[in-house]
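Note sheet for the following structure.
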Amino acid sequence: MPRTIFERLLHELQDDVLAMGSMVEKAIYRSMDALKNRDLELAEQVINDDILINRKRFEIEEKSIQLIATQQPMASDLRIIIAVLNIIVDLERIGDHAEGVAKIVIMIGDQPPLKPLIDLPRMAEKTGSMLRRCLEAFINRDAEAARKICAEDDDVDALYNQVFRELVSFMSEDPRTITRATRLLWVAHNLERSADRVTNIGERVVYVVTGKLEDLGISKY
Amino acid sequence: MSNVAALEAKNLELWYGNFQALRGISMVIPRNQITSIIGPSGCGKSSLLRCFNRMNDLIMGSKVKGEVLFDGRNIYATGIDPTEIRYRIGMVFQKPNPFPKSIFDNAAFGPRVNGIRGNIEEIVEHALRRAALWDEVKDRLRRGAMELSGGQQQRLCIARALALEPEVILMDEPCSALDPVATIKIEDLMKSLAEDYTIVIVTHNMQQAARVSDMAAFFMMDTDRAGILVEYGTTTEIFTNPKDKRTEDYITGRFG
C-alpha cells in the first residue's frame with residue numbers, strides 16, 4: 001500500500017535539498033571565479049544570492065516540520081527527514097563560507113595579485129565536487145560513496161596546508177605582502193571549513209542508510 | 001532497568017481447532033519494562049497476550065504447544081493453577097469493563113474473591129492511588145462505577161487488577177475506546193506503573209507503542225494466516241531503524 005501523498009511530499013523535500021545544494025555549489029565556484037578574475041560584480045552577486053540560499057533553507061525546514069507534524073514519519077522516512085534537517089544547516093553554512101570568500105574579493109579590490117592562484121581554485125573545485133557527489137550519494141542512498149567522499153577531505157586539508165605554508169613564506173620574505181596574503185589565507189580557511197561541512201553531510205547519508213550516527217570528518221584543522 | 005525476564009515464550013504455538021493462530025513464538029519479556037506488541041489485524045497479537053496468562057484456556061478447542069515461562073516455571077505445566085497465574089498476571093481489556101457495582105467494590109473485588117486478608121480500605125486506596133484515580137473518586141467511592149467517564153473506568157479496571165498486586169499487567173488495546181486526553185493519562189500511568197510492574201501492551205496505535213514502550217515486537221500473518229514474530233527489539237530500533245523489510249513497510253504505513 002503506497003502512501004501516495006506522503007511519498008510525493010518526501011520526494012519533493014529531497015528535490016528541494018538538491019536544488020539548494022546546486023545553489024551552494026554554484027556559490028562556491030562563483031566566489032572563486034570572482035577572486036580569480038577580480039570580478040567585483042560577481043562577488044556582489046554571490047553575496048546577494050546567499051539570501052536566496054538562506055530562504056531556501058527555512059523553506060525546507062518548514063516543510064520538514066510540517067511532514068513530521070502531520071504525517072508521523074517512521075523508520076527510514078523519519079531518518080530521511082532528520083537527515084534533511086541536518087544537511088540544510090551544513091549547506092547554509094557552506095553558502096556563508098562562499099559569501100565570506102566573495103566579501104574578501106571585495107576587500108582585496110584592485111590590489112595587485114600576490115601570485116597566480118593555483119591551489120585555491122583547486123580547493124574550490126574539490127570542495128564543490130565533493131558536495132555534488134555527496135548529495136548524489138544521499139539521493140542514491142549510497143553510504144559507501146559517502147564514506148569515500150568524506151575521506152577526500154584529506155586532499156582539501158593537504159591543499160590548505162600547502163597554501164598556508166606558501167603564504168607564510170611570502171609574508172616572512174616580504175612583510176608588505178602580509179595584508180594580501182592574510183586575506184588569501186582567509187579564503188583558504190573558508191574552503192577548508194566548507195569541505196569539513198561536506199563530511200557532515202556524508203555522515204547524514206550514512207545515517208539514512210544504516211541508522212547509525214558515525215563521525216566521518218576527522219579533519220586535522 | 002533490569003534485563004531479568006518476567007515472561008518468556010519458548011517456541012509457543014497456538015491452535016483454535018484446526019486453525020493455527022501462532023507459530024514458533026520465542027521472546028523474552030523483560031521485567032519492569034513496557035513491551036508493545038504491534039502488527040496488522042488478525043496477526044495473533046491478542047492471542048499471544050492471552051497465552052501469557054492462560055486466558056485462551058477459556059476458549060473451546062484452543063490448544064497450546066511450547067512453553068511460557070513465568071518465574072522459571074512453565075505456566076502450561078501440569079499442576080499449575082490457572083487462576084493463580086491470572087491474578088499474578090493481570091489483564092486490562094479494550095473496552096473498560098467495570099462491574100455494575102460501586103467504585104470501591106470494583107477495586108475491592110479481586111482481594112475479596114481471593115480471600116486476601118488485610119485492611120481492604122487500605123488496599124483499595126493504594127490501588128486507586130496507584131492507578132492515578134484516587135483524587136478524582138475519593139469523595140464518591142460508594143457511587144456506581146458506571147457513572148465514571150470511559151478513561152476513569154479504564155483506570156478503575158487497572159486499579160482492580162493492581163489490587164491483587166500482580167507482577168505483570170497485560171493490556172489489550174487499553175486506549176482504543178478512549179479519547180486522546182484519557183489516552184495520554186493511561187500512557188502516563190503505564191510509565192509510572194512500569195517502575196513496579198511489567199507491562200505488555202497490544203496496540204493498533206503505532207504512535208502509542210512508540211511513545212510508551214521500551215521494547216516492541218512486530219507480528220504478522222504467515223501465508224496460512226498463522227501469527228509469527230517478525231522482529232523484536234528496542235522501541236527506538238524498531239521505529240527508527242528496523243532490520244526487516246516487512247517491519248519497515250508496516251511501521252512506515254506502507255502495508256497493513
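All of these numbers come straight from a predicted model, not from anything done at the bench.
- Summarising the local packing, CD1 of A/I5 is surrounded by 12 or fewer heavy atoms from other residues, nucleotides or ligands at distances under 6.0 Å.
- Close approach to chain A, defined as a heavy atom under 4.5 Å from one of its heavy atoms, is seen in no residue of residues 175-182 of chain B.
- Taken from CZ in B/R254 to OG in A/S76, the straight-line distance is 6.5 Å, to the nearest 0.5 Å.
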Decide side-chain contact (heavy atoms from CB on, under 4.5 Å) for B/Q207 and A/M74; before the verdict, give the C-alpha distance in whole Å, the side-chain angles of both, and the deciding distance to 0.1 Å. CA-CA 9 Å; B/Q207 269 67 41; A/M74 288 288 186; 3.3 Å; yes
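- For A/K26, the NZ atom counts as loosely surrounded, since its 6.0 Å shell holds 12 or fewer non-hydrogen atoms of other residues, nucleotides or ligands.
- A 6.0 Å sphere centred on CZ of A/F164 holds no more than 12 heavy atoms belonging to other residues, nucleotides or ligands.
- Within 6.0 Å of CZ in A/R141 there are more than 12 heavy atoms belonging to other residues, nucleotides or ligands.
- Considering only heavy-atom pairs separated by less than 4.5 Å from chain A, the leading option among B/T247, B/I238, B/T240 is B/T240.
- Taking a 6.0 Å sphere around NZ of A/K63, one finds it holds more than 12 heavy atoms contributed by other residues, nucleotides or ligands.
- Here the CZ atom belonging to A/R79 is positioned 10.5 Å from the OG1 atom belonging to B/T252, to the nearest 0.5 angstrom.
- Atom NZ of B/K65 has 12 or fewer heavy atoms from other residues, nucleotides or ligands within 6.0 Å.
- Within a 6.0 Å radius of CZ in A/R93, no more than 12 heavy atoms belonging to other residues, nucleotides or ligands are found.
- What you find for B/N241 and A/G211 is that their closest heavy atoms are ND2-CA, 3.4 Å.
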